[in-house]
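Presented below is the structure to which this report refers.
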Amino acid sequence: MELGLVGLGKMGGNMRERIRRAGHTVIGYDRNPDVSDVHSLEELVGKLKGPRVIWVMVPAGAATQSTIDELAALLSPGDIVVDGGNSRWTDDEKHAVELGIKGIGFVDCGVSGGVWGLENGYALMYGGDAENVAKVQPVFDALKPEGDFGSVHAGKVGAGHFAKMVHNGIEYAMMQAYAEGWELLEKVDSVTDVREVFRSWQEGTVIRSWLLDLAVNALDDDEHLDKLRGFAADSGEGRWTVEAAIDNAVPLPAITASLFARFASRQDDSPQMKMIAALRNQFGGHAVENKK
């Protein structure tokens with residue numbers, strides 16, 4: 001099938017390549033002309049045959065809104081817009097209404113996989129009407145990991161991003177647990193090789209995971225994380241998860257505490273946040289702040 005892909009950054013560029021490897025035609029647009037296949041959204045839409053599918057992979061908020069507004073003026077009834085960024089699920093409901101007035105379908109899709117997705121595939125959580133999802137299904141199949149798992153039609157519009165938000169909230173708590181354990185091991189005199197303790201957990205333990213593997217990778221690069229400042233940003237999903245928990249009276253003590261720990265990292269050079277920063281860099285290519 002043909003796909004228009006808007007946003008060719010760290011994830012979008014690799015997604016374009018993975019979809020092409022599956023035999024589909026992808027025309028990509030990015031503000032950076034060095035990576036873009038066309039010069040404008042108008043040119044992108046013009047090169048696709050109807051009914052068109054346009055996948056938006058730009059930062060959540062104003063960038064996504066302006067892109068969808070522009071597409072709404074360019075697309076035709078029967079076309080589909082997919083928001084694959086980390087938008088808040090409440091924005092999805094708004095976008096679906098705005099596009100629906102013009103007969104344009106909307107699907108939201110939470111995407112996980114970071115810089116590793118090109119080779120390993122992307123975990124996908126999507127929401128929307130079954131008819132619209134079916135039109136995008138070949139692209140979902142191209143992006144997902146091999147095997148029976150790794151993608152899900154989570155429900156109606158907004159369900160995909162809500163599921164991805166909860167996924168990221170759980171990710172916050174898991175990273176925090178590894179970070180706290182690492183700091184405690186580093187603190188005591190009796191443990192003389194913390195990196196190898198972490199490595200030993202990679203086989204046969206109940207806490208083995210890809211995040212643990214990435215922690216070992218980070219420690220191999222910088223055994224005591226001395227090069228890093230103990231600062232870790234939060235990209236929004238953790239806050240939204242806690243807000244949704246409050247709205248629904250669901251207790252989330254671990255996820256909430258992990259979010260607050262991120263805030264604490266902005267006050268002092270937190271050893272735990274060195275590990276959080278290292279893990280985010282390992283799995284997602286997120287920037288780290290080195291010590292001056």
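Computed from a predicted structure; not experimentally measured.
- Closest of all the heavy-atom pairs between Leu185 and Phe198 is CD1-CE1, 3.9 Å.
- No more than 12 heavy atoms of other residues, nucleotides or ligands sit less than 6.0 Å from atom NZ of Lys227.
- The shortest heavy-atom contact between Val45 and Leu74 is CG1-O, 3.8 Å.
- Each ring-ring contact (aromatic ring centres under 6.0 Å, His included) pair with one or both residues in residues 67-89, not counting sequence neighbours, appears once here: Trp89-Phe162.
- By the side-chain contact (heavy atoms from CB on, under 4.5 Å) test, Phe263 pairs with Asp234, Arg239, Leu259, Phe260, Arg266, sequence neighbours left out.
- Closest of all the heavy-atom pairs between His161 and Gly84 is NE2-C, 4.4 Å.
- Side-chain atoms of Asn132 do not come within 3.5 Å of backbone N or O of Gly128 as any donor-acceptor pair.
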Please tabulate, for the side chains in residues 186-194, all donor-acceptor contacts under 3.5 angstrom to protein atoms that are two or more places apart in sequence or on a different chain.
{"residue": "Glu186", "atom": "OE1", "partner": "His224", "partner atom": "ND1", "Å": "3.2"}
{"residue": "Glu186", "atom": "OE2", "partner": "His224", "partner atom": "ND1", "Å": "3.2"}
{"residue": "Asp193", "atom": "OD1", "partner": "Glu196", "partner atom": "N", "Å": "3.3"}

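- Residue pairs satisfying the salt bridge (charged side-chain N to carboxylate O under 4.0 Å, His left out) criterion with at least one member in residues 105-130, sequence neighbours excluded, are listed as follows: Arg21-Glu119.
- Within the structure, salt bridge (charged side-chain N to carboxylate O under 4.0 Å, His left out) contacts touching residues 29-42 (residues at least two apart or in different chains) are Arg16-Asp37, Arg20-Asp37.
- Residue pairs meeting the salt bridge (charged side-chain N to carboxylate O under 4.0 Å, His left out) criterion with at least one member in residues 79-88, sequence neighbours excluded: Arg52-Asp79, Arg88-Glu243.
- Results of the side-chain contact (heavy atoms from CB on, under 4.5 Å) test with Ile104 over Val81, Ile54, Leu71 single out Val81 as the only residue that passes.
- When atom types are taken as modelled, the side chain of Glu2 and the backbone of Lys49 share a donor-acceptor pair closer than 3.5 angstrom.
- The ring-ring contact (aromatic ring centres under 6.0 Å, His included) analysis of residues 232-256, with sequence neighbours excluded, yields no pairs.
- Taking each heavy atom of Gly28 and Leu8 in turn, the nearest pair found is C-CD1, 3.8 Å.
- Residue pairs meeting the salt bridge (charged side-chain N to carboxylate O under 4.0 Å, His left out) criterion with at least one member in residues 276-286, sequence neighbours excluded, do not occur.
- Of all heavy-atom pairs spanning Ala277 and Ala232, the tightest one is N-CB, 4.3 Å.
- Listed by first then second residue, pairs satisfying side-chain hydrogen bond (donor to acceptor under 3.5 Å, both in side chains) with a partner in residues 252-262 number zero, not counting sequence neighbours.
- Criterion: ILVMFWY side-chain heavy atoms under 4.5 Å apart, direct or through other members. Under it, Val53 and Val56 are not part of a common hydrophobic cluster.
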Side-chain atoms of residues 281-288: list all donor-acceptor pairs with protein atoms under 3.5 Å, sequence neighbours left out, distances to 0.1 Å.
{"residue": "Asn281", "atom": "ND2", "partner": "His286", "partner atom": "O", "Å": "3.0"}
{"residue": "Gln282", "atom": "NE2", "partner": "Asp221", "partner atom": "OD2", "Å": "3.3"}

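- Aromatic ring pairs are classed by plane angle as parallel below 30°, tilted from 30° to 60° and perpendicular above 60°; the pair Trp116 and Trp210 is perpendicular.
- Residue pairs meeting the ring-ring contact (aromatic ring centres under 6.0 Å, His included) criterion with at least one member in residues 12-40: none, sequence neighbours excluded.
- Residue pairs meeting the side-chain hydrogen bond (donor to acceptor under 3.5 Å, both in side chains) criterion with at least one partner in residues 53-76, sequence neighbours excluded, are Gln65-Asp69, Gln65-Lys94, Gln65-His95, Gln65-Glu98.
- In this structure, Met165 CE and Thr241 OG1 are separated by 4.0 Å, a value rounded to the nearest 0.5 Å.
- Expressed to the nearest 0.5 Å, how far NZ of Lys144 lies from CG of Asn120 amounts to 13.0 Å.
- Between the side chain of Arg18 and the main chain of Met15, no donor-acceptor pair closer than 3.5 Å is present.
- Nearest approach of Lys164 to Asn86, heavy atoms of both residues: NZ-OD1, 3.3 Å.
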